[in-house]
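Order of the sequence lines sets the chain letters (A, B, ...), proteins ahead of strands, with each chain counted from 1.
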2 protein chains.
Amino acid sequence: MHKQMIPGIIGGMGPEATIDLMYRIYNNTPATEDGDHLRILIDNNAKVPSRIKAIIEGTGESPAPCLISMAQGLVQQGADFLVIPCNTAHYYFDQVSASVDVPVVNLLEITAQTLKNNNMVKVGILGSTALSIVGLYNPVFEKFGLTPVYPEELYQDKLMELIKAVKAKNITQEHLSHLSDLLQHMEARGIDCFAIVCTELSVIRNKILPNVKTFDALEILTDEIIKRSMNNN
Amino acid sequence: MHKQMIPGIIGGMGPEATIDLMYRIYNNTPATEDGDHLRILIDNNAKVPSRIKAIIEGTGESPAPCLISMAQGLVQQGADFLVIPCNTAHYYFDQVSASVDVPVVNLLEITAQTLKNNNMVKVGILGSTALSIVGLYNPVFEKFGLTPVYPEELYQDKLMELIKAVKAKNITQEHLSHLSDLLQHMEARGIDCFAIVCTELSVIRNKILPNVKTFDALEILTDEIIKRSMNNN
């Protein structure tokens, strides 16, 4: 038996999304007893400084030093590669990646690659307001010939309220009704698919019911983690 | 704000039980945004050598060195105290505890203490066969004046099949029917309550429906982790 490659999860953004990722990995790993499952190291750090405050409001401290310290701790503990189950936190990807000598999976890159492989072009972006303001996916979308379609401001504001409601475990029927309006409105703009690029929205994936194909970045990350862990080259 | 005490979870026994524990901690922590939740370090190591093979069959390697290495890695990464969400693995508790200079929560001790606090005396034990063969709970039950009542061999065998089925994600109606027979049979022996002392059985807690009060060691551990994390004395 090959030694398994050990993933280290720079988690906690939010904490439920990290647990959701762990369940997805667990459920998608072929196994009949404990030993068939993967060893995974997780720093589920709900105390990472707010990405929203730092990026949008410009008032909070940078999360980068905290993310770097988590990355280095996981590598020291034995992680062979790292992942960050938070799209918005990829704003700090280069800094984190430069701080360790193991590969860090770029969630933006593998998501765009998957969209490209599935012949998508116009992609409706379901993500945080911070992600949309800084156009975090734009460079990688350009690289793969994809066109991002962002919700108009009013809809994006409602989407951000939903994301905060997921974090507060406080989703109402009104949130879901706004979400449904947003999906219809974006579909009318002629998109090929939606991309769920906020792990809080991944957590409520079964409540997001559009009429077009939908890709979930957290699902793409799940597949990547299992593949990399089992391929010990 | 007090610095939070960081728990380190020596996990993976089994991997689903560890994820279940993480969800319980998440759901029981009062929070309206990410930062209200706890930072938790987890080594979800499904590759820990089998406790069953080592303790019962006497054929497998000891899990102790692996558990000690996990414990030390978590402390190095910043854990202020450690927990082991597996009752049977407490067979190696003293060795793990002696290997680090932070407290390790003794799940057997806090479970027995909780039973005592609730004025229980005769306690039906729902645990692994390894745990029952070595009488793992006997010393701590004696200390607190509790009487353990173990299932008769035939029932214990069926219970162990259920535990393995949980690990294999392969529970059938027949497993649940045997479980129901076991619960009735043990209730007829005049017990005051059941204690779920196998984290795989904790995972299927909502399928265990006895007529007497039931205490779940994983729930007791959840409360203990939240309490210790927030009390920074």
Side-chain angles (χ1 to χ4, degrees), chain A residues 1 3-4 6-9 11-27 29-53 60 66 69-70 72-79 86 164-170 200, chain B residues 1 3-4 6-9 11-27 29-53 60 66 69-70 72-79 86 164-170 200:
Chain A
M1 195 176 71
K3 177 185 169 292
Q4 175 217 316
I6 301 172
I9 300 181
M13 303 167 281
E16 188 176 11
T18 295
I19 304 173
D20 190 63
L21 172 64
M22 292 174 69
Y23 253 123
R24 290 177 190 226
I25 297 169
Y26 178 80
N27 286 326
T29 305
T32 57
E33 56 179 23
D34 285 356
D36 298 331
H37 286 281
L38 302 173
R39 179 181 187 187
I40 305 179
L41 301 173
I42 307 103
D43 186 344
N44 201 15
N45 188 359
K47 310 294 189 193
V48 176
S50 166
R51 285 69 64 200
I52 296 164
K53 284 184 187 153
C66 177
S69 152
M70 292 164 70
Q72 292 174 342
L74 288 162
V75 171
Q76 196 174 25
Q77 209 188 347
C86 172
K164 287 181 178 170
V166 174
K167 288 182 188 289
K169 289 184 285 190
N170 183 28
E200 268 62 52
Chain B
M1 196 175 71
K3 178 184 168 292
Q4 175 218 315
I6 301 173
I9 300 182
M13 302 169 281
E16 188 176 10
T18 295
I19 304 173
D20 190 62
L21 171 64
M22 292 174 67
Y23 253 125
R24 290 176 189 226
I25 296 169
Y26 178 80
N27 286 326
T29 305
T32 57
E33 55 179 24
D34 286 355
D36 298 332
H37 287 281
L38 301 173
R39 179 181 187 186
I40 305 179
L41 302 172
I42 307 103
D43 186 345
N44 201 15
N45 189 0
K47 310 294 189 193
V48 175
S50 166
R51 285 69 64 201
I52 296 164
K53 284 186 186 151
C66 177
S69 152
M70 292 163 71
Q72 292 174 341
L74 287 163
V75 171
Q76 196 174 24
Q77 210 187 346
C86 172
K164 287 180 178 171
V166 174
K167 288 182 187 290
K169 289 185 282 190
N170 183 29
E200 269 60 52

Task: chain A contact via B:Val48 - which portion, at a heavy-atom distance below 4.5 Å - done: neither

- [ ] Check each atom of A:Leu74 against the heavy atoms of chain B and say whether the ones under 4.5 Å are side chain, backbone, both or neither.
- [x] both

Open item on the list: Distance check, rounded to the nearest 0.5 Å: A:Asn27 atom CG versus B:Ile19 atom CD1?
Closed with: 7.5 Å

Open item on the list: Tell me whether the count of non-hydrogen atoms from other residues, nucleotides or ligands lying under 6.0 Å of NZ in B:Lys169 goes above 12.
Closed with: yes

Open item on the list: Is A:Leu41 in contact with chain B via its backbone, its side chain, both, or neither, using a 4.5 Å heavy-atom distance?
Closed with: both

Open item on the list: Taking side chain as everything from C-beta outward and backbone as N, CA, C, O, which of these in B:Asn45 sits under 4.5 Å from a heavy atom of chain A? Side chain, backbone, both or neither.
Closed with: both

Open item on the list: Looking at chain B, which one of A:Met70, A:Gln76, A:Met13, A:Glu16 has the largest number of heavy-atom pairs inside 4.5 Å, strictly under?
Closed with: A:Glu16

Open item on the list: If the test is salt bridge (charged side-chain N to carboxylate O under 4.0 Å, His left out), which one of A:Lys164, A:Lys47, A:Arg51 qualifies with B:Asp34?
Closed with: A:Arg51

TODO: Could you tell me which of B:Asp20, B:Leu38, B:Asn44 has the largest number of non-hydrogen atom pairs under 4.5 Å with chain A?
DONE: B:Asn44

Open item on the list: Is A:Asp43 close to chain B through its backbone or its side chain, or both, or neither, when contacts mean heavy atoms under 4.5 Å?
Closed with: both

Task: Which portion of A:Gln77 sits near chain B, non-hydrogen atoms under 4.5 angstrom - done: side chain

